[in-house]
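Structure first, then comments.
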Amino acid sequence: MRVYNTLTKQKEEFRPLREGEVRMYVCGPTVYDYTHLGHARTYVAFDVIRRYLEHKGYMVLMVMNFTDIDDKIIRRANETGEDPKELAEKFLRYFLEDMTALKIKPADIYPRVTEHIEEIIDFVRKLEDRGYAYEGSDGVYFEVQKFGDYGKLSGIKVEELRQGARVEPGEGKKNPEDFALWKKAKPGEPKWPSPWGEGRPGWHIECSTMSTKYLGEQFDIHGGGNDLIFPHHENEIAQTEACTGKQWVRYWLHTGFLMVNGEKMSKSLGNFITIREMLKRYNPEVIRLFILQRHYRTPLDYTEEGIEHAKNNLERLYNTLENIRVAMSKAELPFRWEKEEFEAYNAIRDARKKFYDAMDDDFNTAEALKAVFEVSNAVNRYLTRVEKPAESILRKALEFFKAVSEVFGIFEDYFREQKAGGEEALIQFLIDVRARLRKERNFALADRIRAELREMGIQLEDTPEGTIWKRIRV
RNA sequence: GCCGGGAUAGCCUAGAGGUGAGGCGGUGGACUGCAGAUCCGCUUUACGGGGGUUCGAAUCCCCCUCCCGGCUCCA
């Protein structure tokens with residue numbers, strides 16, 4: 001398995017530090033507003049990466065932090081007149097709800113900054129002891145030039161940084177590139193006691209502290225949106241490696257940005273799309289598929305057309321699954337394979353390999369998705385060509401789709417279906433009644449039954465072998 | 001300015017030296033009371049432009065055009 005490492009700017013063979021275990025940290029949100037489609041892009045991407053690693057047999061320990069105290073939260077709270085703590089709490093809950101709705105597997109630990117103030121203070125003190133940090137008038141700062149490797153992730157040079165730096169008035173920094181580890185509280189701001197007076201942690205220090213607390217001083221994967229490479233992740237590396245003296249993270253993974261109609265999504269442009277709005281209009285699996293149609297590192301452009309494509313794609317795949325389900329009821333144990341069976345088997349086998357090869361190559365979901373369609377096509381073609389399908393062929397296809405379901409987080413309902421026997425019998429009864437009506441050429445009433453069932457999410461389809469029914473899922 | 005990512009058929013997306021990439025859409029046909037699903041065709045010898053290397057280039061090299069992002073708010 002190969003992954004693209006932002007640190008080395010190339011694909012590398014993936015080898016976790018401990019055999020059989022992957023420890024990964026994904027930068028979570030600052031909870032000051034609704035979760036948007038850009039978050040969805042990043043967190044669905046990492047969800048699939050995590051799912052694939054688990055699918056491959058790794059035990060994955062996944063940590064995602066919440067920044068529940070910072071400047072943006074305070075600013076927003078001041079604007080709305082809310083208590084910063086309550087505001088953060090509210091949006092944190094919304095975020096978790098949105099993640100659940102998007103079928104994103106929960107992290108194993110969701111450390112919150114406000115629950116780790118002591119550890120953060122300890123971390124800052126260590127940096128102070130080692131001579132990397134100094135106290136200024138308004139806070140404690142990390143002295144960037146003391147860390148020789150600064151810039152190794154983002155490729156940024158300290159000199160360039162100085163040219164473009166905006167030093168806010170009154171800041172107690174020695175150098176413009178230095179960044180805050182601890183901010184002293186201004187009147188009315190949330191605060192915690194510390195050796196440097198009351199205040200709150202800087203932004204970057206939380207991730208260094210909490211990731212090393214739960215994953216150790218060295219771990220496998222650290223991820224986040226592309227926009228976090230600089231300054232956030234660069235600063236995290238500086239702090240952590242200055243503190244431990246060891247190489248910290250093995251593989252840095254970053255997701256590409258979400259665009260809206262070719263422009264960056266931002267509030268000022270008025271193209272800010274929340275996950276809540278999206279979920280009102282689209283099945284979460286449609287949103288997931290939309291995201292997976294593009295490789296995670298490439299920018300993803302959101303358009304109405306694009307999401308409609310995803311919807312059509314998902315419908316098609318669900319149709320295939322329903323076709324298999326219907327065919328299963330008339331499938332037989334094969335005593336003999338014909339040309340059709342060999343063709344279908346080979347097509348499934350080849351596509352399956354393609355799927356795993358694509359996912360092994362830096363989680364190329366777009367390429368892997370082709371393989372899913374190839375299996376879909378192969379099965380559909382097979383079903384149109386044979387009268388009595390071989391059960392083994394259908395099972396091979398189903399096993400493949402089950403794997404896809406686990407990795408992509410789609411087709412969930414299909415594979416979780418409970419046997420609601422009563423309902424199925426009732427549907428079958430209505431189909432029988434409708435068949436009689438059709439025989440009597442009472443199409444008006446026959447169509448009414450079909451229409452009513454459709455309203456209830458059951459699609460009837462007339463075939464030469466009789467009427468079948470499918471669940472409408474998209 | 002510096003750094004990075006792009007331009008692939010009507011549309012969306014992979015691929016990265018060698019036998020018609022996948023989907024969507026459109027369209028014709030098979031099947032159908034109609035609808036739906038599916039299948040079989042067609043749209044389909046696609047790779048921003050110009051040079052070069054090579055038996056062979058979307059793919060490698062050089063130049064150019066255009067788009068996007070980052071450069072202390074950001075997933």
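If you're wondering where the values come from, they're calculated on a predicted model, not measured in any experiment. So that the names make sense, note that chain A is the first sequence line, chain B the second, and so on, each numbered from 1.
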Would you verify whether the NZ or CZ of [X] falls within 45 degrees of the ring axis of [Y] while also being under 6.0 Å from that six-membered ring's centre?
X      : Y      : result
A:K72  : A:Y32  : yes
A:R297 : A:Y4   : yes
A:R450 : A:W469 : no
A:K396 : A:Y345 : no
A:R276 : A:Y94  : yes

Under-4.0 Å side-chain N/O to phosphate OP1/OP2 contact, [X] with [N]:
X      : N     : answer
A:R441 : B:G33 : no
A:N319 : B:U38 : yes
A:N312 : B:C24 : no
A:R381 : B:U38 : no
A:H39  : B:A75 : yes
A:T42  : B:C74 : no
A:N235 : B:U72 : no
A:N380 : B:A37 : no

With distance as the sole criterion, do the side chain of [X] and the base of [N] form a donor-acceptor contact below 3.5 Å?
X      : N     : result
A:R450 : B:A35 : yes
A:D447 : B:G33 : yes
A:R76  : B:C73 : no
A:D462 : B:C34 : yes

May I ask you to say what [X] touches in the nucleic acid, namely base, sugar-phosphate or nothing, with a heavy-atom cut-off under 4.0 Å?
X      : result
A:E461 : base
A:L460 : base
A:L258 : base
A:G38  : base
A:K470 : sugar-phosphate
A:R316 : sugar-phosphate
A:H36  : base
A:T35  : nothing
A:R448 : nothing
A:E374 : sugar-phosphate

Let me know the distance between [atom1] of [X] and [atom2] of [N], rounded to the nearest Å.
X      : N     : atom1 : atom2 : result
A:L289 : B:C24 : CG    : P     : 11 Å
A:K183 : B:U72 : NZ    : P     : 15 Å
A:R434 : B:U32 : CZ    : C1'   : 12 Å
A:K11  : B:A16 : NZ    : P     : 6 Å
A:L300 : B:A75 : CG    : P     : 17 Å
A:M265 : B:C68 : CE    : C1'   : 16 Å
A:R385 : B:U38 : CZ    : C1'   : 12 Å
A:H254 : B:G69 : NE2   : P     : 19 Å

(request) With pairs defined as Watson-Crick or G-U wobble and both distances under 3.5 angstrom, please note down RNA chain B as a dot-bracket string, | for pairing with another strand. (result) (((((((..((((....[..))))((((((.......))))))....(((((..]....))))))))))))....
(message) Pick the closest RNA chain B nucleotide for A:A371 and for A:R41 by heavy atoms, then say which residue is nearer the 5' end.
(response) A:A371
(request) Please figure out whether A:K9 or A:I468 has its closest RNA chain B nucleotide nearer the 5' end. (result) A:K9
Can you check the distance between [N] and [M], where both ends of the measurement are the [atom1] atom (answer in whole Å)?
N     : M     : atom1 : value
B:A58 : B:G36 : P     : 41 Å
B:A57 : B:G50 : P     : 15 Å
B:G10 : B:G29 : C1'   : 22 Å
B:C68 : B:C12 : P     : 16 Å
B:G20 : B:G52 : P     : 27 Å
B:G15 : B:G5  : P     : 14 Å
B:A21 : B:U59 : C1'   : 14 Å
B:A16 : B:C47 : C1'   : 11 Å

(request) Determine, for A:R75 against A:E189, whether the closest basic-nitrogen to carboxylate-oxygen distance falls under 4.0 angstrom. (result) no
(message) Salt bridge or not between A:K90 and A:E82? Use side-chain N to carboxylate O under 4.0 Å.
(response)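 Salt bridge flag = yes for A:E82 with A:K90.
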(message) So if I apply the salt bridge (charged side-chain N to carboxylate O under 4.0 Å, His left out) rule between A:K470 and each of A:E315, A:E461, A:E322, which one comes out positive?
(response)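 When salt bridge (charged side-chain N to carboxylate O under 4.0 Å, His left out) is applied between A:K470 and each of A:E315, A:E461, A:E322, only A:E461 qualifies.
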(request) Determine, stepwise, if the pair A:H233 / A:H254 fulfils ring pair (Phe, Tyr, Trp, His ring centres under 6.0 Å). (result) CA-CA 10 Å; A:H233 289 160; A:H254 292 96; 5.0 Å; yes
(request) Counting heavy atoms from C-beta on, name the nucleotide in B:A16, B:A37, B:G22 closest to the side chain of A:D361. (result) B:A16
(message) Counting only side-chain heavy atoms from C-beta out, which of B:A14, B:A75, B:G36 sits nearest to A:L228?
(response)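 Ranking B:A14, B:A75, B:G36 by closest atom to the A:L228 side chain puts B:A75 first.
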(message) Would A:F257 count as stacking on B:G69 if stacking means ring centres less than 5.5 angstrom apart and planes tilted under 30 degrees?
(response) no
(message) With syn defined as a glycosidic angle within 90° of 0 and anti as the rest, where does B:A37 land?
(response) anti
(message) Testing the 3.5 Å rule here: is there a donor-acceptor pair between the side chains of A:D178 and A:N175?
(response) yes
(request) For the residue pair A:Y414 and A:L398, establish whether any side-chain heavy-atom pair is separated by less than 4.5 Å. (result)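 A side-chain contact exists here, since the closest heavy-atom pair is under 4.5 Å.
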